[in-house]
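Okay, so here's the structure we're looking at.
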Amino acid sequence: MITLSNVSYWYEKSSAVVRNMDFNIGHGRIYGLTGRNGAGKTTLLKLLYGEIFPKTGKILADGADVSGRDAGTLGKMFFMPAEFGFGHLSTDRFIGLYSPFYASFDEQVLKDCLEAFGMSPDIPDLQKLSSGQKRKVLLGFALAARPDYLLLDEPLDGMDIPSRDIFRKMLISHMTDRQTAVISTHTVADMENLLTDVIILRPDGSVFASSISELAAKYSFAEDISAEGAVYSEPSAGGYRVIRKNISGEDSPVRMEMLFNAVTKGAVK
Amino acid sequence: MKNFSFKRMMMFSRLLLNNACGYSIPKAAGVIAAVILFCILLPVLTEDGGIREMMDTSENLLQVLLIIPLPWLFSAAIGTARPVPGIMIPATLTEKYVSVFLCAAAAAAVSLCASVIIGTVSFEILRHFTYPDGVQKMQILFFRDTESLLTDIPLLFLTATALQILWAALQTRRKTGKAVIAAAVCGYLLLIFTPALLMTAGIIGQDAARISTAVVLCLLTVLNIRLGYLLMKHFEFDMGGNE
């Protein structure tokens with residue numbers, strides 16, 4: 001489990017990107033991390049990875065401070081940045097050099113992913129791939145490395161629509177019960193059926209974190225001709241899209257975009 | 001998790017060497033061979049003296065090739081900690097630092113062997129043209145005077161570690177300040193030459209100066225190694241928003 005206790009981070013002291021965060025990231029979950037542009041999604045992922053250190057508070061991964069960057073903690077995590085480049089090396093060379101650092105690395109998983117994405121497992125020069133293809137290779141590597149925590153920063157960027165579907169399938173089929181993924185995205189609708197939890201970063205640096213099952217039990221999401229009694233509403237073609245307190249006890253599917261708007265506008269605390 | 005694992009250090013060394021060679025060891029070997037040839041041909045083309053003098057100059061030039069790997073690999077290790085920008089390799093700082101020295105030693109040994117072979121063959125061919133009667137004996141580059149080579153190795157190591165520190169210090173010049181770095185370099189050189197200056201001033205004798213210089217050089221080598229580790233830690237932990 002990753003525990004964040006009173007975590008704040010700022011690039012300039014006057015405006016904290018992340019403010020007094022307190023929440024846990026459990027095992028075997030898929031978290032959707034979302035927020036407006038510049039809300040601090042990448043910053044939060046970097047904090048979880050130990051790439052940058054909190055200005056206040058602590059982040060512990062299975063009891064170890066991630067800022068210590070010890071080999072054991074780094075081996076449990078894999079961070080896929082939003083933008084990256086490979087050196088001029090082949091897939092085999094990349095696997096040969098980097099996979100030994102991950103004790104549970106399974107090359108077959110990488111091959112499965114590349115085949116699913118319609119890519120050859122023998123790529124002579126990774127640097128020559130397009131950004132979307134690079135993302136697919138690194139995602140395959142990340143899944144093959146079998147880390148406890150997969151931190152994916154905008155993994156769907158640059159991927160075409162069929163590839164996004166394959167991405168979801170690969171994640172579901174290759175993630176084990178103990179693995180956790182934190183996926184940052186601003187196209188939450190793409191991942192609606194995949195997520196078990198949602199983390200929304202508010203513009204003021206605070207965080208909204210909840211499991212989808214809790215949200216479904218607490219709120220109902222619907223389209224209605226009237227917005228009366230709604231916790232949050234927004235106009236739609238047929239009237240209003242509304243979020244109401246769930247008093248019937250029946251679960252309704254959580255609509256991520258509506259929830260995002262409700263949280264960022266302060267209607268859902 | 002252990003702070004130092006030999007296996008992980010070796011894995012990191014392999015990664016570091018590959019990364020520092022641009023993932024193409026044959027290409028890097030070609031570049032090294034070209035530099036060695038240049039260091040041999042330059043004195044042949046410019047020196048007026050005999051083969052012995054040319055070999056002396058070649059050896060001096062090639063010594064630079066032996067000390068370059070340490071600062072070069074040190075700079076690469078900081079970057080190699082990330083296979084793609086943003087990803088950190090699961091290895092400890094100690095493992096990374098030791099692998100820098102291991103790879104530098106391996107690179108220097110390979111460069112030395114290549115220099116000896118290429119240099120000796122080149123000068124042997126030259127000797128055949130200059131002294132076809134075979135008056136002069138064959139001479140092996142760097143091994144003409146074994147005693148001098150043994151004295152040079154610690155000095156080369158000290159220079160390599162000092163260059164490593166200098167490179168790292170220059171990277172932090174904005175934070176540290178150019179004047180501080182310049183003052184540190186002056187102090188460093190002053191420390192090395194103090195025994196010789198004291199001897200010239202007649203304060204200490206020649207033997208005392210020699211012993212004092214050896215002690216100062218040993219201490220500076222240890223200091224460089226320690227300082228290198230601290231600077232690597234600084235680069236790993238205190239940069240990119242963590243200042």
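Each chain gets a letter, A, B and so on, in the order the sequences are listed, and its residues count up from 1.
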- Is the number of heavy atoms from other residues, nucleotides or ligands within 6.0 Å of NZ (A:K76) greater than 12? yes
- Query: Once the angle between the rings of A:F101 and B:F12 is folded into 0 to 90°, is it parallel (under 30°), tilted (30 to 60°) or perpendicular (over 60°)?
  - Reply: perpendicular
- Message: For the CZ atom of B:R14 and the OH atom of A:Y98, what is their distance to the nearest 0.5 Å?
- Response: 10.5 Å
- Message: Less than 4.5 Å to any heavy atom of chain B: does that hold for the side chain of A:S90, its backbone, both, or neither?
- Response: neither
- Note on the structure: Between A:S67 and B:F237, the two heavy atoms sitting closest are O-CE2, 3.4 Å
- Item | Top contributor to chain B interface from A:K134, A:R93, A:H88, A:M77 [non-hydrogen pairs under 4.5 Å] | A:R93
- Query: Hey, does A:F84 have a side-chain heavy atom less than 4.5 Å from the side chain of B:I87?
  - Reply: no
- Any chance you could measure B:N18, atom CG, to A:F94, atom CZ, to the nearest 0.5 Å? 12.5 Å
- Compare every heavy atom of B:M11 with every heavy atom of A:P100, then report the nearest pair and how far apart it is. CB-SD, 3.2 Å
- Taking all non-hydrogen atoms of both residues, which atom of B:I89 and which atom of A:L74 are closest, and how far apart? O-CD1, 3.6 Å
- Query: Counting only heavy atoms not in B:I140, do more than 12 sit closer than 6.0 Å to its CD1 atom?
  - Reply: no
- Message: Around atom CZ of B:F4, are there more than 12 heavy atoms from other residues, nucleotides or ligands closer than 6.0 Å?
- Response: yes
- Message: Treating A:R69 as the side-chain partner and B:E236 as the backbone partner, does any N or O pair qualify as donor plus acceptor under 3.5 Å?
- Response: yes
